[in-house]
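Each residue takes its place number in the sequence, starting with 1.
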Amino acid sequence: MLTLNDHTPTANRLTRIAPSRTRLPLWLAAPVAALGGLLNALAFPGTGWWPLIFVGTPLILFSLIGRRVWGALGVGLLAGFSFWGTHILWLTIYLGPVPWLALAGLEAIFFALGCVLIAFAWRFTDRAFPGAWGRLALTPVIIAGLWTLREYLTSNWPYGGFSWGRLAFSQSESPFGQLAAWVGVSGLSFLIAWVSALVIQVTREPASRRRMLRSSAPIGLIALMLSIPAFPIVESGTMRVAAVQGNADAGLFAEYTPGQILDDHVAATEPLYGEDVDLVVWPENASDINPLANSRSAATLDQVTARMGAPLITGTITSDGSGIYNSLLLWKNGEGAVDQYDKIHPVPFAEYIPDRDFWYPLAPDLFSLIPRDYAIGTRDNVFDINGVAAGLAICFDIVDDNLIRQMIAGGANVILAPTNNADFGRTDESVQQLAIARLRAIETGRSVVNTSTVGTSAIIAPDGSTIDQLPTFTPGAMIQEVPLSTTKTPAMIAGQTIEFAASGLGLAGLILAALSTRRKRDRDR
């Protein structure tokens, strides 16, 4: 009978080789990764099968075990494009396949680079921490941290990043969504990736009684996540809000006469005359004629605010002579615009072309659709509305973590999110955006009034529940007592600390595992 001492070179060699038994051949890893990406896409609205995130993510992670750089890049690219190509298919509706292919392809490349780091983590942590404690306690945390790191980087770079598609955004209506108030969006993504990596590690354990015992680890983690109660939000009052959806044809290629979109929103507001409200909210671009420069538009807003007996927030395009802005105006009868917010994060390649001299020659026909570049706003994103601080998020602003933190730091008691979804027709884009708004409500402990030109318009309570909602492509309005709050959730108190800690843990763990593996290899020679 042969007995191996744990310190013999042979034993070390066997320890290094053992985990490779779970390595999928490349021909099988590729479709597994693609399937994982597709399942993750189906976890998001409009399908909204959120449990699939706990199937698709493990499949992607499993496909990366044992992969070297080029293999991980290829597998990651397939997983990334399978996810992104499905998740943002709505981009093709009016703009065609080229922008969709460009954005999905770019995000797939970033996804693939993140997969390379995760593949390195599987390789090095298996060797650096071969014991059960290392495999089950350290490796999943490191991999979850690296997933969070990739989400952080792509949410902020290049040109402000594209934060759509983070794991957490699939969970706005799941029992796990309430965790966003405690750990934020990045923390929730970390937890989902942690559970997924832990599931894979348990399946890799040799068949034994211990394996059955260790299989309780992911179950226990999920149970712990579900047992954490919703963070208690204390109301500081209410505001009676009228949120109007004009069903205006406000898309990029829409054919309308100047003032038509404004008239549509006036018409949708007229049935509300005589209602007792504190504020009227119109969507982004609802006043398609700038009331700061046009007396007819200004007179119309004066008439609406006079008949409603309340101030109005409306979206419009403004100019200060040096730049053009996507703006929100706080309009009061007889006073005009008493405050203004200019969009701080205009969408690159949609609202402006960064480095236009470089990019424009590469696709002049496509970029000619964006003849003007919106400037980056410098005003704060909070309005004081008769003593109520309202945080402002124009369209994709709701996806930007930094802007959300900025408005809460500015004292926002409620979040107003006017948007224009007309460019995306009846696709999943508007419900995906609403899902993000819903998770923001939970994360910040604030009600969110999401008002769209065509839908999906809804008022969301601080716990993520729907107070009211309008059918899409139908003119209408919601009048509700919207809860206000000054409560700071743990996620807002911690800010980026959670994201930096999770990302740093993943990167530091990978470096430590790589150095430890190298030392072991040098010692065994």
Side-chain angles (χ1 to χ4, degrees), residues 233 235-248 250 261-287 300-316 328-333 338-339 383-395 398 412-421 430-431 433-434 437-438 440-441 446-485:
I233 303 299
E235 283 189 22
S236 59
T238 62
M239 170 182 273
R240 189 166 175 81
V241 176
V244 178
Q245 176 177 293
N247 191 32
I261 299 174
L262 174 60
D263 291 341
D264 287 339
H265 285 87
V266 171
T269 308
E270 286 175 347
L272 308 182
Y273 291 165
E275 292 280 355
D276 181 18
V277 300
D278 299 311
L279 176 68
V280 182
V281 182
W282 282 1
E284 175 188 19
N285 304 135
S287 180
T300 300
L301 298 190
D302 276 341
Q303 180 184 21
V304 171
T305 50
R307 296 293 299 273
M308 291 298 301
L312 166 72
I313 290 178
T314 183
T316 192
L328 291 178
L329 303 179
L330 175 58
W331 196 274
K332 291 187 177 181
N333 179 39
V338 297
D339 207 347
F383 280 169
D384 183 341
I385 307 169
N386 298 327
V388 174
L392 309 167
I394 301 177
C395 198
I398 199 71
N413 310 125
V414 63
I415 297 174
L416 307 178
T419 181
N420 177 11
N421 304 106
S430 67
V431 290
Q433 186 175 329
L434 181 62
R438 190 183 306 278
R440 292 303 192 192
R446 300 293 183 269
S447 300
V448 176
V449 180
N450 192 84
T451 313
S452 172
T453 48
V454 296
T456 304
S457 297
I459 299 176
I460 308 299
D463 64 358
S465 61
T466 301
I467 296 175
D468 201 353
Q469 185 168 333
L470 292 173
T472 56
F473 293 94
T474 303
M478 301 172 287
I479 298 182
Q480 293 291 340
E481 292 286 345
V482 177
L484 307 175
S485 179

Residues L416, L279; criterion side chain to side chain contact (heavy atoms under 4.5 Å, CB included); working and verdict: CA-CA 11 Å; L416 307 178; L279 176 68; 3.8 Å; yes
Trace of the side chain to side chain contact (heavy atoms under 4.5 Å, CB included) decision for L301 with W282: CA-CA 11 Å; L301 298 190; W282 282 1; 3.6 Å; yes
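The shortest distance between side-chain heavy atoms of P462 and E235 does not fall below 4.5 Å. In this structure, I385 and D278 have side chains that are not in contact, with every pair of non-hydrogen atoms separated by 4.5 Å or more. Residues V388 and F383 form no side-chain contact, since every pair of their non-hydrogen atoms from C-beta on lies 4.5 Å or further apart. Residues S287 and H265 form no side-chain contact, since every pair of their non-hydrogen atoms from C-beta on lies 4.5 Å or further apart. Within the 4.5 Å cutoff, side-chain heavy atoms of V482 are placed close to those of I459.
With sequence neighbours excluded, the residues forming a side chain to side chain contact (heavy atoms under 4.5 Å, CB included) with A243 are V449, T451, M478, listed by chain and number. In this structure, the side chain to side chain contact (heavy atoms under 4.5 Å, CB included) partners of N386, at least two apart in sequence or on a different chain, are P311, K332. In this structure D468 satisfies the side-chain hydrogen bond (donor to acceptor under 3.5 Å, both in side chains) test together with Q480, sequence neighbours excluded. For T316, the side-chain hydrogen bond (donor to acceptor under 3.5 Å, both in side chains) criterion is met by no residue, not counting sequence neighbours. Evaluation of the side-chain hydrogen bond (donor to acceptor under 3.5 Å, both in side chains) rule for D264 yields no partner, not counting sequence neighbours. For Y273, the side chain to side chain contact (heavy atoms under 4.5 Å, CB included) partners two or more places apart in sequence, or in a different chain, are V266, T269, E270, V304, R307, M308. Residues satisfying the side-chain hydrogen bond (donor to acceptor under 3.5 Å, both in side chains) test with S447, not counting sequence neighbours, are none. Listed by chain and number, the residues in a salt bridge (charged side-chain N to carboxylate O under 4.0 Å, His left out) with D263 are R296 (sequence neighbours excluded). Not counting sequence neighbours, the partners of R440 by the salt bridge (charged side-chain N to carboxylate O under 4.0 Å, His left out) test are D401, E443. For A441, the side chain to side chain contact (heavy atoms under 4.5 Å, CB included) partners two or more places apart in sequence, or in a different chain, are V448, I460.
Residues E284 and C395 come closest through the heavy atom pair OE1-CB, 3.3 Å. Across every non-hydrogen atom of A477 and A268, the tightest pair is CB-O, 4.5 Å. In terms of heavy-atom proximity, P475 sits nearest to G246 at CB-O, 4.0 Å.
Between the CD1 atom in I313 and the OG1 atom in T305 there is a gap of 12.5 Å [rounded to 0.5 Å]. Going from atom OG of S452 over to atom CG of N421 covers 3.5 Å, rounded to the nearest 0.5 Å. Here the CG atom belonging to N450 is positioned 7.0 Å from the CD1 atom belonging to I398, to the nearest 0.5 angstrom. To the nearest 0.5 Å, atom CG of residue L262 and atom CG of residue N285 are 12.0 Å apart. To the nearest 0.5 Å, the span separating CG on L434 from OG1 on T419 amounts to 10.5 Å.
Sequence neighbours left out, the pairs with a member in residues 453-463 that pass side-chain hydrogen bond (donor to acceptor under 3.5 Å, both in side chains) are Q245-S457, N420-T453, S430-T456, D463-S465. Sorted by first and then second residue, the salt bridge (Lys or Arg N to Asp or Glu O under 4.0 Å) pairs involving residues 472-485 (not counting sequence neighbours) are R240-E481.
A side-chain donor-acceptor contact under 3.5 Å links N413 to the backbone of A389.
Tested against L328, the residues I394, T314, D339, V281 include a single side chain to side chain contact (heavy atoms under 4.5 Å, CB included) partner, I394.
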